[in-house]
Asker: 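The structure follows.
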Amino acid sequence: GNSVTQMEGPVTLSEEAFLTINCTYTATGYPSLFWYVQYPGEGLQLLLKATKADDKGSNKGFEATYRKETTSFHLEKGSVQVSDSAVYFCALSLLSNDYKLSFGAGTTVTVRA
Amino acid sequence: DGGITQSPKYLFRKEGQNVTLSCEQNLNHDAMYWYRQDPGQGLRLIYYSQIVNDFQKGDIAEGYSVSREKKESFPLTVTSAQKNPTAFYLCASSKGGGRGAGELFFGEGSRLTVL
């Protein structure tokens, strides 16, 4: 089946540190890949996406590159801020059934001032 | 402003009672979804609807029911048959099929607690 595996949290960082959250996937076809972010007490928001191999998604200083050879979509940010404290979810969808997103378990990130 | 409105934000229920969670969107999206979020388990799909008067079961539909009588509305009923209903419920919508379907817009969620 289709699934997403994220690195376990929680992750605690100091401001201006480098953040990486690992995400790998298993899929029977050619998925689109997504990162969603959930701030405390809120629903999820789309952070970035990539729809084919070697695509790089970017937004708000975050980046992730679709690596087909390693089935990965790791999220990175060079210098985090306290406002980046949130839960981050990796997700995939398949063209054959785009209505269904498969989510990872989520990684909680806390940034200290 | 366009968006998704879920209500109530917090809900308490006694065992054996049915409860309905409301979800309304004014984004003119065709597709709507209900997800359940439990700590450490990510999001699991309960039901989704691609178009008015049509819906499909997701991965954990047992003990839940939905309707889609209007494009804007997709209420979820948590029935007494749901064995472990205490959770955070998220409603979402998207433009529809194709590559755009993965871009979901979420409401702020409803937290259901069974006493």
Side-chain angles (χ1 to χ4, degrees), chain A residues 1-11 21 23-25 27 29-53 55 57 59 64 66 73 86-108, chain B residues 3-7 9-10 21 23-25 27 29-51 54-61 66 68 74 88-111:
Chain A
N2 306 313
S3 65
V4 174
T5 303
Q6 289 181 236
M7 65 182 284
E8 292 187 14
V11 174
I21 304 176
C23 171
T24 57
Y25 67 88
Y30 299 96
S32 293
L33 301 172
F34 307 84
W35 277 101
Y36 281 82
V37 59
Q38 183 178 32
Y39 298 105
E42 298 183 8
L44 280 70
Q45 304 173 21
L46 178 64
L47 181 59
L48 53 83
K49 69 171 184 175
T51 58
K52 60 183 186 294
D55 268 2
N59 187 24
Y66 188 143
F73 192 54
V87 183
Y88 293 83
F89 293 91
C90 187
L92 71 81
S93 70
L94 289 176
L95 185 59
S96 60
N97 189 354
D98 265 352
Y99 290 93
K100 297 183 70 174
L101 272 181
S102 296
F103 284 88
T107 302
T108 301
Chain B
I4 304 225
T5 302
Q6 289 187 239
S7 63
K9 193 166 186 176
Y10 299 96
L21 307 180
C23 178
E24 303 281 331
Q25 56 103 354
L27 299 168
H29 285 169
D30 288 319
M32 297 187 74
Y33 314 77
W34 275 104
Y35 284 89
R36 171 178 170 141
Q37 184 176 17
D38 296 285
Q41 294 193 44
L43 276 70
R44 293 181 290 170
L45 183 64
I46 304 172
Y47 269 97
Y48 64 102
S49 169
Q50 301 176 24
I51 197 168
D54 185 56
F55 50 83
Q56 285 79 39
K57 293 181 179 180
D59 300 318
I60 55 164
V66 294
R68 186 83 187 278
F74 191 43
F88 190 53
Y89 292 89
L90 286 162
C91 180
S93 71
S94 70
K95 290 181 180 179
R99 288 294 184 184
E103 297 185 43
L104 269 57
F105 294 76
F106 282 85
E108 294 192 342
S110 294
R111 187 168 297 281

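Residue numbers begin at 1 in each chain, while the letters A, B, ... track the order of the sequences.
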Asker: Below 4.5 Å, heavy atoms only, C-beta onward: do A:F103 and B:Q37 meet side chain to side chain?
Answerer: no
Asker: For A:Y36 and B:L104, which heavy atoms make the closest approach, and how far apart are they?
Answerer: OH-N, 2.8 Å
Asker: Tell me, side chain or backbone of B:F105 under 4.5 Å from chain A's heavy atoms, or both, or neither?
Answerer: neither
Asker: With a 4.5 angstrom heavy-atom cut-off, is it the side chain or the backbone of B:L43 that approaches chain A, or both, or neither?
Answerer: both
Asker: What are the two closest heavy atoms between A:L101 and B:Y35, and how far apart are they?
Answerer: CB-OH, 3.6 Å
Asker: Can you list the residues that meet the side chain to side chain donor-acceptor pair (under 3.5 Å) rule with A:N59, with sequence neighbours excluded?
Answerer: none
Asker: So for atom CD1, which belongs to B:I51, do other residues, nucleotides or ligands contribute more than 12 heavy atoms lying within a distance under 6.0 Å?
Answerer: no
Asker: Would you find more than 12 non-hydrogen atoms of other residues, nucleotides or ligands less than 6.0 Å from A:E8 atom CD?
Answerer: no
Asker: By a 4.5 Å heavy-atom criterion (distance strictly below it), what part of A:Q38 contacts chain B: side chain, backbone, both, or neither?
Answerer: side chain
Asker: From B:F106 CZ over to A:L46 CG, what is the distance, rounded to the nearest 0.5 angstrom?
Answerer: 9.5 Å
